[in-house]
Amino acid sequence: MVLEKVNYPEDIKKLTEEELNLLADEIRKFIISVVERTGGHLASSLGVVELTIALLRVFSPPKDEIVWDVGHQSYPYKILTGRKKVFHTLRQYGGISGFPSIKESKYDAFGTGHSSTSISAALGIKIGKKLKGEEGHVIAVIGDGALTAGEAYEGLNNAGQLGEDLIVILNDNEMSISKNIGAISNYLTKLTTGESLRKAKERLENVTKKLFGEKVYKGLKRVEDLIVKGLFPPGMLFEELGFRYVGPIDGHDIPTLITTLNNVSKLKGPTLVHVLTKKGKGYAPAEERPDKFHGVSPKSKKKENLPPTYTEVFSKTLIEIAESDSDVVGITAAMPSGTGLDRFKERFPERYFDVGIAEQHAVTFAAGLAKKGLKPVVAIYSTFLQRAYDQIIHDVALQELPVIFAIDRAGLVGEDGATHHGAFDLSYLRIIPNIVVAAPKDEEELRHLLYTAIYSGKPFAVRYPRGRGYGIPIREPLKKIDIGTWEVLREGKDLVILATGWPVYQALKAAENLEKIGLNVTVVNARFVKPLDEKLLNQIAREFKLIVTVEENVVKGGFGSAVNEYLASWYTGRVFNLGLPDKFIEHGNQNLLRHLVGIDSEGIEKFAKDILTKKVLQK
Ligand SMILES: Cc1ncc(C[n+]2csc(CCOP(=O)(O)OP(=O)(O)O)c2C)c(N)n1
Ligand SMILES: CC(=O)[C@@H](O)[C@H](O)COP(=O)(O)O
Ligand SMILES: [Mg+2]
């Protein structure tokens, strides 16, 4: 077993070429055996085994720094950089992460999990090494899917301009999670099939024959090759961005990879190496279905009659609504299967848009659709929506365009960990004026909230958790829920729990147990985080001394903060908050605007005086 004698990159440098190939097979088998038990990202990691071996043969982390884009494909790298013995703890609580993490290992140059950050980070590390006088190469490994995101171009653009010795390896397997999409993907395919060159040569041949006849044409053959290669150099896009383009090369041929990387390591300036790989390589089921084997759950015996996932309920409900409303359109940022929009695409291909890993574009694209009277539903993970924050504010809420955000994976997602938990959306959304923010207590209420959202005519976010619902029978026809109304689920005089989203049923269960020891608790389904149900909240504040809020979101700025803000001023009478109101402030003289919102000296003085002279009545 070659893997037995390999723990660190330096061990790889001692192996023979034959041992390198044996090592690749052993790593594949090891990854499959562990991921079967732990779950994880299988196909992407299988696709970069040879590339990882070649990288560690040529380069020497941590002196040379390798930044993996997304990082879901870093399992071979982790195994070969000191984590072989703990790899079996992959994604388990207390075990190693499924993504690179600077806290986990000195070999992990940069933490990733969200896509398309590698070039920016690698360039920053490169410039940082230069300014600190540190030696060492910096390499970004980015996939063709990740190359559909804007940040990748921001990095390429700046790197091309700075001209530093940066190596970008484009791992092109023609797959994102699903088949890769977009003009960039088509361009890469042309590069790998030489289509652009072939077409250019055909055009030139025809012109030459017509103009000079067959005889002269033959004489020009040699010149033609030079001209065509000159006019249409492969990788022109990258060359124009200041990168030397190398490739495409076979990403599973270890000797070629090593030779190429060795040569590239001696080149000056930014270089992009285009590597062709097969996602799922070496494991037939994953090669057949790289989309299905992108992320796999731990192998377990199939259970029957499980409740549907929130994703499935969302998908079915959207289709049900779209059946009778041709204005409903679905948008995903490269996550058709994860969001359930793949089923919507099957039913309404002309109303389905996969924009690639481009969340910012997805949101503003949806705003444009809404401007034209469509009902766009952006289906997106909470954590990835973070990338489009300005677009939500600037393009959707400020213009009050009725874009619907179907926010999946809201709350704790489990094994994907900190980079993927939907921990912040209640906080980052509720502070935006003009937007409604809702969270269903179960899958049945998700249906009605989605329906309410689509017909609200407002910017509206409905957030729901990863995983299965409670198996609530879905019988009721779709109905609108009055926006800003909560639901009292049980009454008790001792304390009130205001719960939103997944914790609602947990609060009910807790209340039932508390009743057994004589404590009576009211439980409220606070399904709207914005706007709050102020009528009910006033009543609760009058009738209860003790209020507990619970949410699957950070408390800071979340639902609980909203309740605190509302109650603090009027019911504790201790803290009063002056600041910008919950609306967009129009243009005007800066100091006039400050006066109008009451944060200048006059405003502060008046408010303080009113409080002190009890002019401001507590509700
Ligand atoms: C900002 C962001 N959006 C979406 C995702 C979800 N995601 C994870 S991997 C992936 C596809 C990446 O494709 P590629 O870069 O080609 O890597 P491959 O899996 O093909 O190796 C996507 C969309 C993400 N991690 N980050
Ligand atoms: C690596 C990545 O970002 C995605 O593959 C993500 O892990 C998918 O999450 P779900 O498994 O919740 O769909
Ligand atoms: Mg890919």
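When a ligand or atom number is given, it counts from 1 through the structure's own listing order. For the single chain, residues carry numbers from 1 onward in sequence order.
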Quiz item: How about Tyr352 and Phe348: are their ring centroids closer than 6.0 Å?
Solution: no
Would you check if the side chain of [X] reaches a backbone N or O of [Y] as a donor-acceptor pair within less than 3.5 Å?
X      : Y      : result
Tyr77  : Val48  : no
His114 : Thr419 : yes
Glu551 : Gly501 : no
Asp108 : Phe110 : no
Arg57  : Ile254 : no
Ser115 : Val70  : no
Asn180 : Asp144 : yes

Self-check item: ligand 1 contact by His72, heavy-atom criterion under 4.0 angstrom
Solution: yes
Give me the nearest non-hydrogen protein atom to [atom] as residue plus atom name, then the distance to 0.1 Å.
atom                    : answer
atom 4 (C) of ligand 2  : His41 NE2, 3.8 Å
atom 9 (S) of ligand 1  : His294 CE1, 3.6 Å
atom 8 (C) of ligand 1  : Val70 CG1, 4.0 Å
atom 5 (C) of ligand 1  : Phe384 CZ, 3.4 Å
atom 15 (O) of ligand 1 : Ala146 N, 2.9 Å
atom 11 (C) of ligand 1 : Ser176 OG, 3.3 Å

Within reach of ligand 1, part of [X] (heavy-atom separation under 4.0 Å):
X      : result
Arg387 : side chain
Ile357 : side chain
Ile177 : both

Relative to [atom], which among [options] owns the nearest non-hydrogen atom?
atom                    : options                      : value
atom 6 (C) of ligand 2  : Ile177, Thr383, Asp416       : Asp416
atom 2 (C) of ligand 2  : His72, Arg409, His420, Gln73 : His420
atom 12 (O) of ligand 2 : His294, Arg466, Glu415       : Arg466

Evaluate the side-chain proximity of [Y] to [X]: yes if any heavy-atom separation is below 4.5 Å, no if none is.
X      : Y      : answer
Leu318 : Val328 : yes
Leu80  : Ile27  : yes
Thr81  : Leu56  : yes

Within-cut-off N or O pair, [X] and ligand 1, under 3.5 Å:
X      : value
Ser115 : yes
Met175 : yes
Ala334 : no
Gly113 : yes

Report, in ascending order of atom number, the atoms of ligand 1 lying under 4.0 Å from any heavy atom of [X].
X      : answer
Glu359 : 1 (C), 2 (C), 3 (N), 4 (C)
His114 : 25 (N), 26 (N)
Met335 : 6 (C), 23 (C)
Asn173 : 18 (P), 20 (O), 21 (O)
Gly143 : 14 (P), 15 (O), 16 (O)
Gly145 : 13 (O), 14 (P), 15 (O), 16 (O)
Ser44  : 18 (P), 19 (O), 21 (O)

Self-check item: Between Tyr381 and His420: side-chain donor-acceptor atoms closer than 3.5 Å
Solution: no
Self-check item: N, O or S of Met175 under 2.8 Å from the Mg ion (ligand 3)
Solution: yes
Quiz item: Under the salt bridge (Lys or Arg N to Asp or Glu O under 4.0 Å) rule, what pairs show up with a residue in residues 298-317, not counting sequence neighbours?
Solution: Glu36-Lys299
Quiz item: How open is the angle at the Mg ion (ligand 3) from atom OD1 of Asn173 over to atom OD1 of Asp144, rounded to 10 degrees?
Solution: 80°
Quiz item: How does His114 reach ligand 2, by side chain, by backbone, by both or by neither, if only non-hydrogen atoms under 4.0 Å count?
Solution: neither
Self-check item: Short N-O contact, Glu50 and Lys281, less than 4.0 angstrom
Solution: no
Quiz item: Minimum heavy-atom separation for Phe99 to Ser97, with atom names?
Solution: N-OG, 2.8 Å
Quiz prompt | Ligand-residue contact atoms, ligand 2 with Phe384, heavy atoms, under 4.0 Å | solution = 3 (O)
Practice problem: Go through the steps for Leu426 and Thr500 under the test side chain to side chain contact (heavy atoms under 4.5 Å, CB included), then give the verdict. | Solution: CA-CA 10 Å; Leu426 292 182; Thr500 186; 4.3 Å; yes
